[in-house]
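Take a look at the structure set out below.
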Amino acid sequence: MVSEQSDAPNGETAPLALKILVAGGFGVGKTTLVGAVSEIRPLRTEELLSEVGQSVDDTDGVDKKVTTTVAMDFGRITIRSGLSLYLFGTPGQDRFWFLWDELSQGALGAVVLADTRRLGDCFPAVDYFEHRRIPFVVAVNCFADARTYGAHEVSRALDLDRGTPVVLCDARDRDSGKEVLIRLVEYAGRMHTARLLDSVG
């Protein structure tokens, strides 16, 4: 967990910054979510999709997508006074997964964005965070042309561990994205506290 908290002069507490990953399949809305909630101009590493990548980038269901993240997205949001989140959006394609290990170092937790039209695309991200015991929430990006499913249905379809939160969101909407992040911070905090108690018990 990235923690920049330290004791400041006069007994005040210095601001705390937490690192959060935003992951998921290709074209699910990771760049959109980071851009919607970031209070700074987000760093983006997008490149135009090319004919060369057609054989490896499955654009079925996201035909209008013309760019793709090739390294990461970065943004920052203040949740409340003294608490900021640094957001790192991961690339979605298999060929860029080698970057995930670097990006996940020191992360408090992750948001796994899901698209119910291509739900299987988020399985690799779910598996990645489960195996590394990194707390995560699944945020279903509710596209207008997608069938609506409840959180319980999505949880069952993804075979999530019991208690893993599933939330519905609109990645374009700042308030909706902020609610997802708050839910993650609360859940990750509970998970880290429980593990700490287990280790000393």
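In this structure, Y149 and L119 have side chains that are not in contact, with every pair of non-hydrogen atoms separated by 4.5 Å or more. At least one side-chain heavy atom of W100 sits under 4.5 Å from a side-chain heavy atom of P91.
By the 6.0 Å contact criterion, CZ on R195 is enclosed, its count of non-hydrogen atoms from other residues, nucleotides or ligands being greater than 12.
Within the 3.5 Å criterion, the main-chain N or O of L108 finds a donor-acceptor partner in the side chain of H192. S38 places no side-chain N or O within 3.5 Å of a backbone atom of G35 that could act as its donor or acceptor partner. In this structure, the side chain of K30 engages the main chain of G25 through a donor-acceptor pair within 3.5 Å.
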When the side chains of residues 175-191 are checked against the rest of the protein, which donor-acceptor pairs come out under 3.5 Å, sequence neighbours left out?
| unit_1 | atom_1 | unit_2 | atom_2 | d |
| --- | --- | --- | --- | --- |
| S176 | OG | D170 | N | 2.9 |

Distance-only criterion, 3.5 Å: show the donor-acceptor pairs between side-chain atoms of residues 155-168 and protein atoms not counting sequence neighbours.
| unit_1 | atom_1 | unit_2 | atom_2 | d |
| --- | --- | --- | --- | --- |
| T164 | OG1 | D161 | O | 3.0 |

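Shown here for Q105 and K19, the closest heavy-atom pair between the two residues is O-NZ, 2.8 Å. Contact record, T78 with S84: OG1-OG, 3.5 Å, taken as the closest heavy-atom pair. Pairing each heavy atom of E153 with each of G150, the nearest pair is OE1-N, 2.8 Å. Scanning all heavy atoms of the two residues, the minimum distance from G109 to I134 falls at CA-CG2, 3.9 Å. A114 and V138 get closest at one heavy-atom pair: CB-CG1, 4.0 Å. Of all the heavy atoms in P42 and V34, the pair that sits closest is CB-CG1, 4.4 Å.
E130 meets the side chain to side chain donor-acceptor pair (under 3.5 Å) test with no other residue; sequence neighbours excluded. Residues satisfying the side chain to side chain donor-acceptor pair (under 3.5 Å) criterion with T116, sequence neighbours excluded, are absent altogether. Partners of R132 under the salt bridge (charged side-chain N to carboxylate O under 4.0 Å, His left out) rule, at least two apart in sequence or in another chain, are D101. Listed by chain and number, the residues in a side-chain contact (heavy atoms from CB on, under 4.5 Å) with A171 are T32, L33, N141 (sequence neighbours excluded). Partners of R76 by salt bridge (charged side-chain N to carboxylate O under 4.0 Å, His left out), not counting sequence neighbours, listed by chain and number: E39. Residues meeting the ring pair (Phe, Tyr, Trp, His ring centres under 6.0 Å) test with F136, sequence neighbours left out: none.
Hydrophobic cluster membership differs between F26 and F143, with clusters built from Ile, Leu, Val, Met, Phe, Trp and Tyr side chains linked at under 4.5 angstrom.
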Evaluation steps, side chain to side chain contact (heavy atoms under 4.5 Å, CB included), between D73 and L87: CA-CA 8 Å; D73 299 310; L87 308 175; over 6 Å; no
Evaluation steps, side chain to side chain contact (heavy atoms under 4.5 Å, CB included), between T90 and S104: CA-CA 9 Å; T90 66; S104 65; over 6 Å; no
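Separation of atoms OH (Y86) and CG (L18) is listed at 10.0 Å; rounding is to 0.5 Å. The CG atom of D121 sits 8.0 Å away from the CG atom of D115 when rounded to the nearest 0.5 Å.
Legend: salt bridge (charged side-chain N to carboxylate O under 4.0 Å, His left out) pairs involving residues 20-29, not counting sequence neighbours: none detected.
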